[in-house]
Amino acid sequence: EVQLQASGGGSVQVGGSLRLSCATSGFDFAAYNIGWFRQAPGKEREEIGCTDSTGAYTSYAESMEGRFKISTDNAKSTRYLQMDSLKPEDTAVYYCAVDRTSEFRGYSPLCLGPDYWGKGTQVTVSS
């Protein structure tokens with residue numbers, strides 16, 4: 001059974017940092033692209049970024065570049081999302097998801113159609 005679990009969320013003040021983890025099991029971690037997404041109250045879900053199966057290549061949504069960084073620990077089958085300089089508008093539920101099509105555009109991995117989603121973790125940024 002494919003399982004993903006995002007963790008590490010919490011409450012943080014403006015300008016603070018958090019590191020989220022995405023623990024995975026039940027599938028070949030090194031076979032698929034994995035992406036990070038978020039959904040704020042009343043808004044559509046948006047992609048933060050996507051890493052390829054090895055973690056060597058990462059792409060970010062344009063609005064997410066700079067403050068968000070995705071990293072990988074293949075030995076632990078875990079992806080991380082480092083978030084810095086957090087703003088109130090970053091308040092959302094954050095999810096990780098597997099995209100089994102694992103496509104690329106040039107050197108940028110794509111997570112256009114994730115088909116396995118983990119339970120999200122709440123991030124709240126307050127001023």
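In this text, all values refer to a predicted model and were calculated from it rather than measured experimentally.
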**Student:** Partners of F37 by ring pair (Phe, Tyr, Trp, His ring centres under 6.0 Å), sequence neighbours excluded?
**Tutor:** W117
**Student:** Please enumerate all residues that pass salt bridge (charged side-chain N to carboxylate O under 4.0 Å, His left out) together with D90, with sequence neighbours excluded.
**Tutor:** R38, R67
**Student:** What side-chain donor-acceptor pairs closer than 3.5 Å can you find for residues 7-28, not counting sequence neighbours?
**Tutor:**
from, atom 1, to, atom 2, distance (Å)
S17, OG, D84, OD1, 2.8
T24, OG1, S77, O, 2.8
D28, OD1, A30, N, 3.1

**Student:** With side chain to side chain contact (heavy atoms under 4.5 Å, CB included) as the test, would you mind laying out the steps for Y95 and T121 before giving the verdict?
**Tutor:** CA-CA 7 Å; Y95 302 89; T121 185; over 6 Å; no
**Student:** Quick one: are Y32 and S53 in side-chain contact, heavy atoms under 4.5 Å?
**Tutor:** no
**Student:** Just say parallel, tilted or perpendicular for the rings of Y57 and F104, cut-offs at 30° and 60°.
**Tutor:** perpendicular
**Student:** Going from SG on C96 to NZ on K119, what distance comes out if it is rounded to the nearest 0.5 angstrom?
**Tutor:** 12.5 Å
**Student:** Determine, using the 4.5 Å side-chain heavy-atom cutoff (strictly less than), whether I34 and L81 are members of one ILVMFWY cluster.
**Tutor:** no
**Student:** Minimum heavy-atom separation for P114 to D99, with atom names?
**Tutor:** N-OD2, 3.8 Å
**Student:** When clusters are formed by joining ILVMFWY residues with side-chain heavy atoms under 4.5 Å apart, either directly or through shared neighbours, do M64 and W36 land in the same one?
**Tutor:** yes
**Student:** For L4 and V98, run side chain to side chain contact (heavy atoms under 4.5 Å, CB included): C-alpha distance rounded to whole Å, both residues' side-chain angles, the deciding distance at 0.1 Å, then the answer.
**Tutor:** CA-CA 8 Å; L4 302 95; V98 174; 3.5 Å; yes
**Student:** According to disulfide bond (SG atoms under 2.5 Å apart), does anything in residues 27-65 pair up with another residue at least two apart or in another chain? List the pairs.
**Tutor:** C50-C111
**Student:** Please step through side chain to side chain contact (heavy atoms under 4.5 Å, CB included) for the pair K69 and Y80, ending with a clear verdict.
**Tutor:** CA-CA 8 Å; K69 183 174 181 179; Y80 301 97; over 6 Å; no
**Student:** Kindly say whether G106 contributes a backbone atom to a donor-acceptor pair with the side chain of S108 at under 3.5 angstrom?
**Tutor:** no
**Student:** For D52, enumerate each residue passing the side chain to side chain donor-acceptor pair (under 3.5 Å) test, keeping only those at least two apart in sequence or located in another chain.
**Tutor:** T54
**Student:** State, to 0.1 Å, how close S59 and P109 come at their nearest heavy-atom pair, and which atoms those are.
**Tutor:** OG-O, 2.7 Å
**Student:** Taking a hydrophobic cluster as the set of Ile, Leu, Val, Met, Phe, Trp and Tyr residues connected by side-chain heavy atoms closer than 4.5 Å, whether directly or through intermediates, do F68 and V123 fall within one such cluster?
**Tutor:** yes
**Student:** Output, in order, the C-alpha distance, side-chain angles, deciding distance and verdict of side-chain hydrogen bond (donor to acceptor under 3.5 Å, both in side chains) for R79 and S71.
**Tutor:** CA-CA 6 Å; R79 294 276 198 273; S71 61; over 6 Å; no
**Student:** T91: what forms a side chain to side chain contact (heavy atoms under 4.5 Å, CB included) with it, not counting sequence neighbours?
**Tutor:** Q122, T124, V125
**Student:** Distance alone, cut at 3.5 Å: any donor-acceptor contact between the side chains of N74 and T72?
**Tutor:** no
